[in-house]
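Following: one structure in structure tokens, then a few remarks.
Being a predicted model, the structure only gives us computed values, none of them experimental.
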Amino acid sequence: MGRNSGSTRAVDNRTPEQNELIESERRNRRLEMEVDVSEQAAPVFARKQA
């Protein structure tokens, strides 16, 4: 007994607002990475066009 109180149960205790915040933070991190990659790639593409 007591095995069901692991970390997977924490998801069940979150409010919809908490889940939305977590998902928003996840999307934000992904978008920040995409912007970073785009900023690094822009000079390379600019050089190829010249």
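Considering Asn28, Val35, Asp36 as possible partners of Glu32, the one that fulfils the side-chain contact (heavy atoms from CB on, under 4.5 Å) test is Asn28.
Looking at Gln18 and Leu21, their side chains never come closer than 4.5 Å, going by heavy atoms from C-beta outward.
Salt bridge status for Arg30 with Glu34: present, with a side-chain N to carboxylate O gap under 4.0 Å.
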